[in-house]
> 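Structure provided below as structure tokens; questions to follow.
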Amino acid sequence: MKSIINIILILLLTFEIQAQKVEGTITYNRKTDWIAIMSELPWVTEEDIDRRKLTWGNDENDGRNFDLTFKDDKSIYTYKEEDSEYTYSWKEEKYVIIRDYNKNKTDDLVEIVGKQYHIIDKIPKYKWKILNEIKEVAGYICMKAETQNDVKDQKVVAWFTDAISFFGGPEGYSGLPGTILELNLNDQNAVITATKVDLKTPIDKLPIPKKLKGKEIEFVKFNAKLKDFIKDSKEGRKNPFWRIRY
Amino acid sequence: MRITFLLFSLILCFTASSQSTNYKIDGIIVDTFNNPLIYSTVLLLEKSDSTMIDFTRSELDGSFRFKDVPFGNHIVKTTYVGYIPLTIDASSDKDNVDLGSLSMKEMASELMEVVIKAAKAPIKMRGDTIEYDASTFKVPEGSSVEDLLKRLPGMEVESDGSILADGKSVTRVTVDGKDFFGSDPKAATKNLPAEGISKVQVFDTKTEEEEITGATSQSQDKTMNLELKEEFKSGGFGKVIAGIGTENTKELKGNYNKFNKKIQFSLVGVGNNTGRNGLSWDDYQDFMGSQSFNFSDGGDYGFGGGGGMYYFGGGGSGIESSIQSIFFGADNSAGLPENYNGGLNFNYDHDKTKVSAVYYYNLSGLKSEKSLIRDKFITDFTQNETQETFNDDRSQGHRVELKFEKELDSLLTIKTDFNGAFIDQEEQYTGDISLARDGQLRSSSDINNLTNKTGYLGNGLVLIRKKFKKKGRSMGLNTSYLSTQLKEDQRQNSTINFYNQDATIDSTTIIERINNDVADKNLIKANALFVEPLSKKFFFETFYNFSNRVESGERTVLDIEDFENTLNPFLSREYENTLLYNRIGSSLRYSHNGINVSLGLGYQTLKLNGQLQLIGISEPSTTIDKTFNNFIPNLSINMSPVRNSYVSINYSRNVNEPEITDLQPFVDNSNPLYIVAGNPSLTPEISNRIGTYMSRSYPLGGVRLSLNGNITLYENQISRNEIVDENLITTVTPVNIDGGNSTRISGSINFPIVKNKLTARMRMGANSLNANIFVNGIKNETQTIGYTPFMKLSFTPNDDMALYINANYRVTNITYDIQTTQNQTTKQTTLGVEFNTKLFGGLFFDSQFNMNYYSNDRFNTSQNIPILNASIYKQVLKGNKGEVRLSIYDAFNQNQGFFQGGSGNQLSQSSTVALAQYVMLGFTYNIRGIKSDVRQDSWW
């Protein structure tokens, strides 16, 4: 009897949330601090770290912009298309994160060490801790939450706002009562922060690519591959994050 | 997402209905006036670690409910925009929990507006305590921390400087968690600059016991911690390496660096008489800091000039070389060297302004005693040359480099550079040279030269970089002025004996001369580049280069006879040469998704003007006036067709103008055995170069392949016409010859045999060179074909041992079309073994063994030179800051500076007296500590 009531409750609540669906585009800027990442490698000496800081520490890093577009509890997170300031183009590795929160389904296209994988699976769950800190990101008051990425051995700090009732975020992180507007991976090693939140321009259709070409895989296997690669690289004294996204 | 949580609770609910281990949490969220807060977020957290279990939103009446919560310790946390988040215990092990009305306090507006919104500072709540980041609070420059505190909400500063936080007095101030000058809180707040502070934290002062137990403080006192900004934390590192050894060998090297975000200061100094332990990449980076690498905007623009690629300065030689060349000058393995050099560098980088100043001094000496044999093939005979020479050279230089760069606004940057140099050199040369014709002695020379050279350089550059609102549109403009002067005084003493067929002296020529040279060079350059994006993928680039080079000088030659100097009218001269260069070019570039294609065409004009006037003879001056116009096409393709692959194809056409001195019809017979004459009909040499590069890597398997090939075809290659007479007197004239070319191909593969333990690298290279020269009027084509297979094995079984084995084989076949009997093969085989291991008791052992085997079928010689260097070392001192090292160099005492080579119509072999076996005891002190590592450096 109780379960029936629960099901009804679920339906009611779901309906309620459906009623206040938001849609929009959030632009994030992703910056990676290579010196900090390199500093964590076990074989790198203090002197090497200082030398890198001395040589490259003052260099400006514009980062790379990404767009998170969401509508009807579905979202896509990928590179923002921008005009180049340079007349030289580098090939960017494929990175398209597609989430359907209603169907609890991923449709990601991720490239690691030169291979493209199409990850069709359930949306990964993170064990979030909610911390007593608030700050403003892109005009929104955000709360701090923390989780651990065991595959890449990263402490993930997410700043989310409950003012946007879309429960997703950048880089495939989700599961908080609001939208994640900033991510800090291992403190400042990589910072993904929202620079623009646009909830006014209606989204006609999510810009999902027609074809997601890659080897179909599930998270368990994909993560095992990542872990193996990171372990092998470190054993061979190579920075694994030259080849995979930090 | 919501759904999954509910499904999750649904599952819990099923278990609940059978076991009844769940409870319900109810509550109503209201503000301080008891009005419900609608749609506020309510989180259900694990009490132990704040892990989120569920979340919901409050209803229209402010109420919320968590159903089916498993019994245990939980907290409920409520948040609402503009209110301080509230946390309340909601644990239960048997009953439902009704939290009743939860009243949320509005955040102080100053906290909200000032701290969060305006200063963008995160705030942290610990119960009622609020902590925030003060880094973005604006205070006037020169303000103290006290001034900053006065502006912070909740903080009060009394007239006597004592501080109150939330009404409680601050009795202790720490900086980065450490006590600042004892415990007087005023000392820190009054003295520290506000701009250096990143964070202000205020918390209740805890007793030792409270720190350990974590018990809540009963204290009425507060502690304030000031966190310093990263740029106010300075890093400093440095090391000294000193060594003393047998054979009177000494080495000393030291460097020190101090830096923070704004300022970098470094010192380096080196002194040694081993030719080893010079300066490395690391030393260069430590010294130059953020100025180590610069964007390629200092130079001349050309095809592909718009790409933002790093370049590494250097270039130029003699007085025009740069400080970099001191760091990357070749190690001396021949002769007896002595080196002393050092400098200091200062870089400032703040607020879009960069300033850099470097001074460098170097003093070096090289004594070398060399024996050389050289065979030169003339149409119907061979000239055999033997040399026994001794050089004693000493040079010193002072160099200064100043740079200033300022970003005037986000679109406009201005940069100025100034370089200055002063050099002073002394060269002493004595030599015995004999020339034989097919083994029969024709002449022998006894030479004694003493040369003094001084020179200075001044070089200034101004550069403007402009970007435009339209992304991708950019412009670069620069102009520079270079002025150098070199003065050379040489005293030349030679005695030349010419021999008859029967080996008796036929005649003797004695030359005693003083040569005085003054050479000035003034170079003005101006360059412009404009890049216009045609679409997202296409760019149109246009560049223009202008340069005007004026070289003028005077050479006076005095012949000394019977202690009297007379001007030599045939060798003394004045000259002024001008080279005016204009080049304009455009290219169309496609750049998208890792594919870059550029197709361009340029047009250049070279105007040469030379004036030569002999001194002491009333002869009219000789004038050369020539203009050369050429089209220069260019093609470049770079792409990665598939991931982890790279392909590039480049074609370029270069025009190299002849030296003006080569054009002047002037005969220089200052060396009576080697007479040089100019050629007024010389035209520029044109080279067409096609280069390709391909690489592919498989990172998962650790495999990497690469293929590299390039071919250069010359038109009107500037070569020589040599006329060698009966007495082996050579007269050389530069001439243009078609048909020369050079080709180089190589391929390499890296692959693991055992992952991360045993890796192999193999490379195969081949090169071919076709060179033409005229010898006694007959065109001689020399073809040189070389093969260079190489293999290396790296064995790194664990962190305590590493073994590297490499083998290198170089075989060169040289064929001469006018004298096929002189065709020859030279071979060089190198076997290298490096073995490093950790021994017992903290001792480490390093060793490098190299076996070089040389053979040559023409000279019928073979040489076997094994060189072994080994050292044993141990870390000492606290923090492993010291290292003691005992080394032996060239354990078999075999180093003899051996060299063999062949080119054109000649081949040679030489050996130089060099520092061989010695034992050295060294000590290193490194502020940052030493990490002993048996492995070779690799990129990470």
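Quantities reported herein were computed from a predicted structural model and do not represent experimental measurements. Proteins get letters first, then strands, A, B, ... in listed order; numbering begins at 1 in each.
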> Quick one: what part of B:Ser645 sits under 4.5 Å from any heavy atom of chain A, side chain, backbone, both or neither?
neither

> Do B:Asn644 and A:Arg243 have side-chain N/O donor and acceptor atoms under 3.5 Å apart?
yes

> Walk me through whether B:Phe55 and A:Trp128 qualify under side chain to side chain contact (heavy atoms under 4.5 Å, CB included).
CA-CA 12 Å; B:Phe55 60 84; A:Trp128 290 106; over 6 Å; no

> Is B:Lys467 in contact with chain A via its backbone, its side chain, both, or neither, using a 4.5 Å heavy-atom distance?
side chain

> Please check: side-chain N/O of A:Lys91 versus main-chain N/O of B:Ser640, any donor-acceptor pairing under 3.5 Å?
yes

> What part of B:Phe468 gets closer than 4.5 Å to chain A, counting heavy atoms only: side chain, backbone, both or neither?
neither

> So does A:Asp232 get a backbone contact from the side chain of B:Asn756, meaning a donor-acceptor N/O pair under 3.5 Å?
yes

> Report yes if the side chains of B:Phe259 and A:Asp50 come closer than 4.5 Å at any heavy-atom pair, otherwise no.
yes

> Step by step, work out the side chain to side chain contact (heavy atoms under 4.5 Å, CB included) result for B:Arg928 and A:Thr45.
CA-CA 9 Å; B:Arg928 277 285 191 251; A:Thr45 64; over 6 Å; no

> Using a 4.5 angstrom heavy-atom cutoff, name the option from B:Asn638, B:Ile595, B:Asp49 with the most pairs to chain A.
B:Asp49

> With side chain to side chain contact (heavy atoms under 4.5 Å, CB included) as the criterion, how do A:Arg237 and B:Asp799 come out once you've worked through the C-alpha distance, each side chain's angles and the decisive distance to 0.1 Å?
CA-CA 11 Å; A:Arg237 293 200 181 183; B:Asp799 280 345; 3.6 Å; yes

> Using non-hydrogen atoms only, which part of B:Ser697 is less than 4.5 Å away from chain A: side chain, backbone, both, or neither?
side chain

> With only heavy atoms counted, which part of B:Ile927 is less than 4.5 Å from chain A, the side chain, the backbone, both or neither?
neither

> Is B:Gln291 close to A:Thr55 at the side-chain level, that is, under 4.5 Å between some pair of heavy atoms?
no

> Return the CH2 to CG distance between A:Trp90 and B:Asn596, rounded to the nearest 0.5 Å.
8.0 Å

> Among B:Lys537, B:Gln264, B:Met288, which residue has the highest count of heavy-atom pairs closer than 4.5 Å to chain A?
B:Gln264

> Looking only at heavy atoms and a cut-off of under 4.5 Å, which of A:Glu93, A:Lys115, A:Lys127, A:Glu111 has the most pairs with chain B?
A:Glu111

> Using a cut-off of 6.0 Å, state whether more than 12 heavy atoms not belonging to A:Lys122 lie near its atom NZ.
no

> Check the surroundings of atom NZ in B:Lys470: do more than 12 heavy atoms from other residues, nucleotides or ligands lie under 6.0 Å from it?
yes

> Looking at A:Lys144, A:Gln116, A:Glu92, A:Glu82, which one has more heavy-atom pairs under 4.5 Å with chain B than the rest?
A:Glu92

> Checking the side chain of B:Lys77 only, and the main-chain atoms of A:Leu131 only, is there a donor and an acceptor separated by less than 3.5 Å?
yes

> Could you walk me through whether A:Leu54 and B:Phe237 pass the side chain to side chain contact (heavy atoms under 4.5 Å, CB included) test, one step at a time?
CA-CA 11 Å; A:Leu54 188 70; B:Phe237 61 98; 4.0 Å; yes

> Rounded to the nearest 0.5 Å, what separation is found between the CG atom of B:Leu43 and the CE atom of A:Met143?
5.5 Å

> Which answer fits B:Asn926, side chain, backbone, both or neither, if we ask what part of it has an atom under 4.5 Å from a heavy atom of chain A?
side chain

> Just verifying a value: how many Å separate A:Asn132 CG and B:Ile84 CD1, rounded to the nearest 0.5 Å?
11.5 Å

> Taking atom types as modelled and ignoring hydrogens, do the side chains of A:Ser89 and B:Asn593 form a donor-acceptor contact shorter than 3.5 angstrom?
no

> Is any NZ, NE, NH1 or NH2 atom of the basic residue among A:Glu47 and B:Lys239 found under 4.0 Å from an Asp or Glu carboxylate oxygen of the other?
yes

> Hey, are the side chains of A:Tyr126 and B:Met52 touching, using non-hydrogen atoms and a 4.5 Å cut-off?
no

> Does A:Lys103, at its NZ atom, have more than 12 non-hydrogen atoms belonging to other residues, nucleotides or ligands within less than 6.0 Å?
no

> Nearest heavy-atom pair of A:Ser165 and B:Arg57: which atoms, and what distance?
CB-NH2, 4.3 Å

